[in-house]
Each structure stands twice: as C-alpha cells, then as structure tokens.
Amino acid sequence: MSESLLEVRALHTSFPQPHGRANVVDGVSFDVNEGETVALVGESGCGKSMTALSLMRLVPKPGRIESGSIRVGARDVRALPVTEMRRVRGGDVSMIFQEPMTSLNPVQRCGRQIVEAIRLHHAESKAEARGHARDLFGEVGIPDAEERLDAYPHQLSGGMRQRVMIAMALASRPKLLIADEPTTALDVTIQAQIIDLLRGLQRELGMAILLITHDVGVVNELADRVLVMYAGRIAEEGPRRDVLASPGHPYTRGLLRSLPGVVGPEDRLEEIEGVVPPPAQWAHGCRFSNRCPLVFEPCVETQPERFRLSDGHGAWCHATKRDGGGAR
Amino acid sequence: MIAYTVRRLAYGFATVLGVLTFLFALFFLYATPEDMARRALGEKAPPQALEQWIVNHDYHHPLLWNPDNPGQTLIVDHFRRMLTFDFGRSDADDVLVTRRLRKGVGPSLSLTVPLFVGGLFVSISLALFVATFRETYIDRAGVALCVFAMSVSILLYIIGGQFLIARVLRWFPISGFDPSPEVIGRFLVLPVFVGLAASFGEQVRFYRTVFVEETNRDYVRTARAKGCGDGRVMWHHVLRNAMIPIITRVVLAIPFLFTGSILLESFFAIPGLGSITVDAIHENDFATLRVMVFLGSLLFIVGQIATDICYTLADPRVRLE
C-alpha cells in the first residue's frame, strides 16, 4: 500500500444543540492514499459534509472541531497557523461543492474567479494566470474557453458551472480533491458527464478524490474504497467491490436495497424505515439500533467495535460479529 | 435599458405632477392670499397695503377658474412656476427664492457631504470589521454599542457635544459659520462629529446585517476553500455582493445632501437649506416652503430612478426591461 495522503484519526466536530453541544462527527477515522478515490456515503444529516469541511477547517460557526487529528502529507492540519492553512486550501487540497448555482460568486466573471484561485497560490501575472485559466477550461471540457472566461456564472448552465468549479479546484494541481455531492444538483445526463470528467482527470493528474455522496450509483462509478457513515460515525469500510457486493452492516444493506436496478422490475423498492434522527436523539449504543432490523440487546447498550470481514473490509455491527459475518 | 429609463422618467414626471397638485391643495386651500398677506404685513396693516402685497406676489388671480382668461389662475401659475423653476419672491422679505437657495446650498453641502462620506466610510468599515468577527464577543460588544448609540436622542449628542467639546474643552466654536476656506473647517468639525456619532449606530447595524447575511452564502465558502483570507473574502467577495442593499440606501440618501440637515443646521447656526426651511416655517413664508417641499420630492424621485439604474452596475444579473 502506498503512503497515505490524508490521515484522519478520532475526529470529533460539534454543533450546539438545544441541550448542550453534540458531536455531529463523532470519532471518525480513515485514510486516503495517493491517487485513490474514497467515497464517503450516507443519508442526509449523517455528518459526511461536516467531516469534509472539518478537513479544510471550514466548519461553519458556531460549529467547531473538538478533538482528533488530521494530517495531509506531512502537515498537521489542526496545528497549522491560519496563513499556512490558507496555503493548504486550494493548494494541496481543493474542494468542490454541491450547488454550482450558488457556489460561484454571482457578480464576478468566471475567469476572474479562476485567476484569483491561481494567483492565490502561484506568483503569476494576471495575463499569465488568464492564459492558465483558459488551459484549465480546456482541460475540464468547456468549449469556447475565451468567451466563457468573460461570462458571469448565471450565463452558464448547471453542468458548465460545475466544470468551472472543477477548473478552479484544479488550479494548483491539488493532491486531494474533496468533492461534496458534485453531481447531486445536476440532470442525470450531465451527472454522467461530470463523473466521466472526474474519472478522466484523476487518471491524468493522479490526484486522490474524497467523494462525498448519498448516491450509491456514483460510488459504483468512481470509488476504489467506500466509507459508509451513519449518525456521525463510520458504520462500514472496505474496497468498493466488497462493500457493494457483500455489505457487512445492515445499514449498508438497507442503502443498497433502496436503489433501483439492484432489485427486479416487479419488486417494490425497499426503504430504511425512518430518517437519521437529530443528534440529540442519537442512540446510546449502536447509532443505528433504533432503525435496525437485526437489533438485539448489546446494540442498545454498547458501541460496536470494528469487525473484520476481509482484508480492509470491516463493519461496526454487533449482529455481524455475532454471526461471524455470515448473516448476510 | 434606454426604454426603461424613459419610462421611469415618464412615471417620475407623473409623480411630480401629483406632488404639485397635493402641494397646491395643502397651501392654497388651507390659507387664502388675504391670510398670507396679513401674516406677512401684520394684523393691523391697511387694506390697501394687503391688496398691494397680494398683487406684488401674484396671488391676486382666482384660485381655480378665471372666466375672463383661463390661464390667469393660481393653480396654473403654481404649476408653471414650479415646473420652470421660476420660484418668485419670498413671502417674508421679498428676496428671490432662487437666490436664497443658491446661498444656502453651499453651507448645507459643506456639512452634509463630509458627514455622508465620512459616515459611509466609518460605518461600512466598522460593519465589515464586526461581521468578520461575527459570533464572537467583538461582534456582540459592537452590536451592543450600536444599539446604545442609536437609542440616544440626537438632541443629546448635539447638546452634549456643544457642552463638552466646545464649552468645557474649548476645542471648537459652539456654533456659527464662516465660508472662508481658512476657518470653515473649525466650524464644521463639531457638527460633523456630532452627526456621525448620532447616525453610526443605526448604519453599522444595518450594514452588519447585510454583510453577515452575505458571509453565510455558498460562494463565500468557495472563496475560503480556494485559500482566500478573511480580509480578501470580505473586501473582494462579500462587499461587492452586498452592494445592492447598500446602493439602495446610499443613492437614495444623496439627493437629501442638498436639502441639508434641519436639526444640525439650526443648532449650529449654519445658514444652509435646512435652516432656510425652518425659518420659512417660522415666518409663514409659503413661497419658500413650497419650493423646499417641491425640491425635496423632486430629488427623492430622481434618487429612486438613479437607484434602479445603479442596480445594473452592481449586479450583472439585474436587467432593466
């Protein structure tokens, strides 16, 4: 295995709730290796976006990182002074967001926004940076780059805007791209194009991608490894093939069953009963215990430990452990 | 854009006509020319003098309808004078109203322009500062200070400023005005300072709300994610996006720089348009007061049209159709 690029250990990020602060990210640990695509999967409200923002130290106030360590390359992200942190953001680590409609500055021309990203990290003249930006537009497949540089975001389609976001994120050749629901707000055909683009760019540039999504289809298209997250904790981790073909956690199985295409045409889609509860109501033992079909005594009382299913594949589940991974 | 501007100007003109109608009703249906003459000349003035005064001020025509000559009525005269800016003479001392305006606009602007520009600069900088530190004690202390500052009456600032700075410390004169360039500053520092103190609380709070709302938007997160620092995020991204609400306020305020500040001018004895308005009210000077009200409305309408046009400059998404 190659040297890990991103190493997250016991990350806790909290937000104030009506009765004191609650950790919406509660002891998350994982690695991302160089050039690897890791998908962080889960329903809305499970803490995956907050995990991603914590990595950039961009958790919106009044949220804050409570404890844990985040290492990018040789840098300890939590210990960096603010000016150093700015060099990491958009430098070694870039981020793209879900809403290309609102994530670009509406009153600045696209070109100027890319030029800013370039000049924040490289000592280039405006003219040089503009040429550089034109090349980036070509790289992410934006036709008529020269014209589009002078366009305002509202003059572009959703897919084009997401390409502009990607071009901006690529400006300083990041080692890690954090993509927070990059296709969710787009039409299905455009989604496929963006997925193709990300896959191609990764092959070309060799960067790692941390893909935040709730869409198992996107995971299947892009990911090497999968982290399933539920209510602030990792529920299952493993290589994509293993997790999708033989999921070890009842929550993962629920997610996969609720996908069209996995079941036959006459079957009704299954759903996981209920929604992710708000942090104040998170169960004491296993967080999934109040929605889980396999729940038994220990689930309510104690937090499950990681149970190893195969190389690199593990699930945090009492039932799986009891059945030796065979109850699938 | 041009079609829009022309249409807005047409609407504006219609509004001006409405304002003039209302003004006419307000002044001439309320007080007859005989009343005005009596107020100008005194209760004991002989009838011939009243008659003469009314003729001198062109108030001798019938109010609405003249069977001999339809053009010779007060209402026609009113509209003609106002729309051609032929304002006639003051009812109080027979000075040409236009000359009085010309004399008053300089002192007014020398007070309101520094107050406006300084206020804008101070309150936007302060608001950006507290918005940068939102949700911290700096922000909370700033907001508390603003609420306190805006809760205190402007009269207290004026009287307190005059007492402390002018009387006790003797740094600047209590009141007065001299337009010669060497000394004008000495007379203006105190009123400008008092005006700033009285208005910054409300302004900072307004701009802070605008900025805080902007800093929660997605594009701000994007800017941070690409490595912008706090200052850059605020000045390059947030400020420009906050321009729309700011422009509404600022452009609408500009016309009123010309009409002066009634309170500050009268307390600090600055002979500007605000003082002229107050004097006109005291002296029952209908001719001057009518002009001041008319000009105020006219400037407001012009300000609104200018605001709409400025939107297109601040926000590329706004298109005037």
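Below, chain A is the first sequence line, B the second, and so on; all start at residue 1. Given the structure is predicted, the values throughout are model-derived calculations rather than measurements.
Using a 4.5 Å cut-off between heavy atoms, A:Met165 contacts chain B through its side chain alone, with no backbone atom that close. Heavy atoms closer than 4.5 Å to chain B are found in the side chain of A:Arg112, but not in its backbone. At a 4.5 Å heavy-atom cutoff, B:Arg217 makes no contact with chain A through either its backbone or its side chain. Contact of A:Leu104 with chain B is made through the backbone alone, with heavy-atom distances under 4.5 Å. Using a 4.5 Å cut-off between heavy atoms, B:Ala314 touches chain A through its backbone atoms (N, CA, C, O) alone.
Annotation: B:Phe206, atom CZ; neighbour count of heavy atoms from other residues, nucleotides and ligands within 6.0 Å is above 12. Heavy atoms of other residues, nucleotides or ligands lying less than 6.0 angstrom from CZ of A:Arg148 number more than 12. Counting heavy-atom neighbours within 6.0 Å of B:Ile2 CD1, excluding the residue itself, gives a total of 12 or less.
Here the CG-NE2 distance, from B:Asp315 to A:His154, works out to 8.0 Å after rounding to the nearest 0.5 Å. Interatomic distance, CE of A:Met56 versus CZ of B:Arg224, reported as 12.0 Å (0.5 Å rounding). How far CG of B:Asp218 is from CD of A:Gln98: 9.0 Å, rounded to the nearest 0.5 Å. Rounding to the nearest 0.5 Å places CG of A:Leu120 at 5.0 Å from CZ of B:Arg232. Atom NZ in A:Lys61 sits 10.5 Å away from atom CG in B:Asn216 (nearest 0.5 Å).
Taking each heavy atom of B:His236 and A:Gln108 in turn, the nearest pair found is O-NE2, 3.4 Å. For the residue pair A:Ser103 and B:Thr222, the shortest heavy atom distance occurs at O-OG1, 2.6 Å. Nearest approach of B:Pro316 to A:Pro106, heavy atoms of both residues: CG-O, 3.6 Å. Across all non-hydrogen atoms, the minimal contact from A:Arg86 to B:Cys228 is CD-C, 3.7 Å. Here the shortest heavy-atom pairing between B:Arg221 and A:Leu53 reads CD-CD2, 4.0 Å.
Interface check for chain B: of the options A:Val82, A:Thr83, A:Asn105, the most heavy-atom pairs under 4.5 Å are formed by A:Asn105. Counting heavy-atom pairs under 4.5 Å between each of A:Glu116, A:His121, A:Arg87 and chain B puts A:Glu116 at the top.
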Would you please test A:Gln113 and B:Lys226 for side chain to side chain contact (heavy atoms under 4.5 Å, CB included) and show each step?
CA-CA 10 Å; A:Gln113 299 187 47; B:Lys226 68 183 175 186; 3.9 Å; yes

